[in-house]
Visitor: 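Below you will find the structure I want to go over with you.
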Amino acid sequence: MQTLLTGDRPTGALHLGHYVGSLKQRVEMQEVYTTYIMMADMQALTDNYKDPKKVRNSIIQLYKDYYAVGIDFAKANVFIQSLIPEISELAMYFFNLVSHSEVVKNPTVKTEIEQKKFGESVPFGFVSYPVSQAADILCVNADIVPVGADQLPMIEITKTIAKRFNKTYGVELFVQPEARLGKVNRLPGTDGNAKMGKSLNNAINLNISSEDLKEKIMKMYSDPNRVRATDPGTVEGNPVFIYHDSFNPSTAEVDELKDRYRLGKVGDVEVKEKLFLALEKFFVPIRQRYSEVTDKNEADILAELKESSRKVQLKVQTTMAKVKQAMGIDY
């Protein structure tokens, strides 16, 4: 059985972008892969170090989000990054295998630095997180990493580090992990931004209420050049239709709406109302599972995560023993 690793930064509730980019795959793949899901609290602190309480609270939210979408905690090894110090040790060894320029030129790093408006004050921990992420992946020697399209450059750095470690120390210890993209690689924000993001206020969170969902959808960006419902509209690249394609199970209804939209025979209001109905059906099982876990207290959740993390640590310690032996530092 191959190994799969993925994870999330605990910085708030997960959203539909996370679902199409990775969560949906995790639920499907936990049945056929040895699955590890990391709550990357140390990575989250690289740009939230002044607000660690936010990260801690988000650990609890992540647990509930995972449960709500169908992660089976009996099958998936869910763990907290900071509870396994061996991962940080592995990252320290990996820092020597890549150059500073390789990291800062990473497209994902560059984009996120611009989005967060760090300028010259970007924390070094944030810049270095691609190497830390390589340690996250390789500490369990993951074969498969479900990610969104924006994370592909990160997987390439991980492959580079794995190759260089094996070559430098004359071993075949680390595998070449493969990224696994979802059917919809990236879901646009409700404001038309190419990326849905927690910090961009353009996301539909997985724990959204019916009322807030309706409001979000009715305000969604569509075709900016379409003034009246009778004007021919553009379907391609239109966020409302991208969401229809992603979440409306009735392809016949979606095709009919697209045809009418192109001909100027349907208004944005009707198209959005039908998207709302489709998403309401999508959220039914998710809301049901949220209701099952809502009253679970923080202490019980953390106890469960600590025990799961302890079991994962045993796996990581086995990897680290091999790393130190290969490097000749197994004192």
Side-chain angles (χ1 to χ4, degrees), residues 12-25 27-28 61 65 68-70 111 114-115 147-151 181-291:
L14 298 183
H15 52 65
L16 290 181
H18 295 115
Y19 182 82
V20 300
S22 180
L23 293 173
K24 184 174 186 292
Q25 289 191 83
V27 174
E28 296 167 348
Q61 181 62 52
D65 288 343
V69 298
T111 298
E114 290 172 3
Q115 287 179 344
V147 292
D150 61 319
Q151 291 295 307
L181 296 176
K183 182 178 179 182
V184 179
N185 293 336
R186 179 177 291 174
L187 199 65
T190 56
D191 58 356
N193 191 298
K195 183 179 179 181
M196 178 180 289
K198 299 175 188 177
S199 60
L200 301 176
N201 196 31
N202 65 356
I204 295 177
N205 291 344
L206 293 173
N207 62 348
I208 195 170
S209 68
S210 181
E211 295 75 16
D212 289 343
L213 176 64
K214 183 88 179 265
E215 182 179 358
K216 281 270 189 181
I217 291 174
M218 299 312 292
K219 292 180 178 179
M220 275 185 73
Y221 182 94
S222 55
D223 181 352
N225 299 314
R226 195 173 194 236
V227 179
R228 295 174 294 273
T230 53
D231 293 340
T234 301
V235 168
E236 292 72 24
N238 187 320
V240 179
F241 283 102
I242 293 175
Y243 279 63
H244 264 295
D245 287 334
S246 302
F247 298 102
N248 191 335
S250 176
T251 55
E253 178 179 80
V254 175
D255 289 342
E256 186 258 351
L257 286 173
K258 288 179 178 178
D259 289 341
R260 290 169 61 201
Y261 198 82
R262 291 187 179 104
L263 295 171
K265 294 184 177 181
V266 64
D268 283 303
V269 171
E270 181 180 343
V271 176
K272 291 178 179 180
E273 285 178 342
K274 290 188 174 180
L275 174 59
F276 168 71
L277 293 175
L279 278 170
E280 275 289 280
K281 290 180 181 178
F282 166 80
F283 275 114
V284 166
I286 291 177
R287 288 179 180 146
Q288 173 58 40
R289 290 178 66 85
Y290 268 125
S291 70

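These figures come from a predicted structure and were not determined experimentally. We use all heavy atoms of the structure for the numbers below, so side chains are in, but hydrogens, waters and symmetry mates are not.
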Visitor: Run through Asn248, Asp259, Val271, Val235 and flag the one making a side chain to side chain contact (heavy atoms under 4.5 Å, CB included) with Val254.
Guide: Asn248
Visitor: Kindly give the heavy-atom pair with the smallest separation between Asn207 and Ala13, and that separation in Å.
Guide: OD1-CB, 3.9 Å
Visitor: Would you say Lys24 has more than 12 foreign heavy atoms packed within less than 6.0 Å of its NZ?
Guide: no
Visitor: Measure the spacing between CZ of Arg287 and OG of Ser210 and express it to the nearest 0.5 Å.
Guide: 5.0 Å
Visitor: Atom CG in Leu275, atom CD in Glu253: separation rounded to 0.5 Å?
Guide: 10.0 Å
Visitor: Could you check if a side-chain atom of Val269 sits within less than 4.5 angstrom of a side-chain atom of Met218, using non-hydrogen atoms only?
Guide: yes
Visitor: At what distance, to the nearest 0.5 angstrom, does CD1 of Ile217 lie from CD of Glu273?
Guide: 10.5 Å
Visitor: Using side-chain heavy atoms (C-beta onward) and a distance below 4.5 Å, is Met220 in contact with Asp268?
Guide: no
Visitor: When Ile204 is tested against each of Leu187, Asp212, Leu213 for side chain to side chain contact (heavy atoms under 4.5 Å, CB included), which residue passes?
Guide: Leu213
Visitor: May I ask you to test the Pro249-Lys281 pair for a side-chain heavy-atom distance under 4.5 Å?
Guide: no
Visitor: Taking the side chain as every heavy atom from C-beta outward, state whether Leu16 and Tyr243 have any atom pair closer than 4.5 Å.
Guide: yes
Visitor: Taking C-beta and beyond as the side chain, do His244 and Lys258 meet within less than 4.5 Å on heavy atoms?
Guide: no
Visitor: In the structure I gave you, are the side-chain heavy atoms of His18 and Leu206 within less than 4.5 Å of one another anywhere?
Guide: no
Visitor: Between Asn238 and Tyr221, does any side-chain donor sit less than 3.5 Å from a side-chain acceptor?
Guide: no
Visitor: How far apart are the closest heavy atoms of Asp231 and Arg226, and which atoms are they?
Guide: O-NE, 2.7 Å
Visitor: Mind telling me whether Phe241 and Tyr261 have parallel, tilted or perpendicular rings, with 30° and 60° as the class edges?
Guide: perpendicular
Visitor: At what distance, to the nearest 0.5 angstrom, does CG of Asn193 lie from CG of Asn201?
Guide: 11.5 Å
Visitor: Atom CG in Asp245, atom CG in Asp255: separation rounded to 0.5 Å?
Guide: 8.0 Å
Visitor: So, the side chain of Asn202 versus the backbone of Asp191: is there a donor-acceptor pair under 3.5 Å, distance only?
Guide: no
Visitor: Quick check: closest heavy atoms across Pro232 and Arg262, and the distance to 0.1 Å?
Guide: CB-O, 3.2 Å
Visitor: Testing the basics here: between Gly189 and Pro239, what is the closest heavy-atom pair and its distance to 0.1 Å?
Guide: O-CB, 4.3 Å
Visitor: Taking Phe247 as the fixed residue, which of Phe276, Phe283, Phe282 is the one that meets the ring pair (Phe, Tyr, Trp, His ring centres under 6.0 Å) rule?
Guide: Phe282
Visitor: Can we say Lys265 and Glu256 salt-bridge, meaning some charged N sits less than 4.0 Å from an Asp/Glu carboxylate O?
Guide: no
Visitor: Answer whether the closest heavy-atom distance between the side chains of Leu14 and Asn205 falls below 4.5 Å.
Guide: no
Visitor: Find the distance between NE2 (His15) and CD1 (Ile208) and round it off to the nearest 0.5 Å.
Guide: 12.0 Å
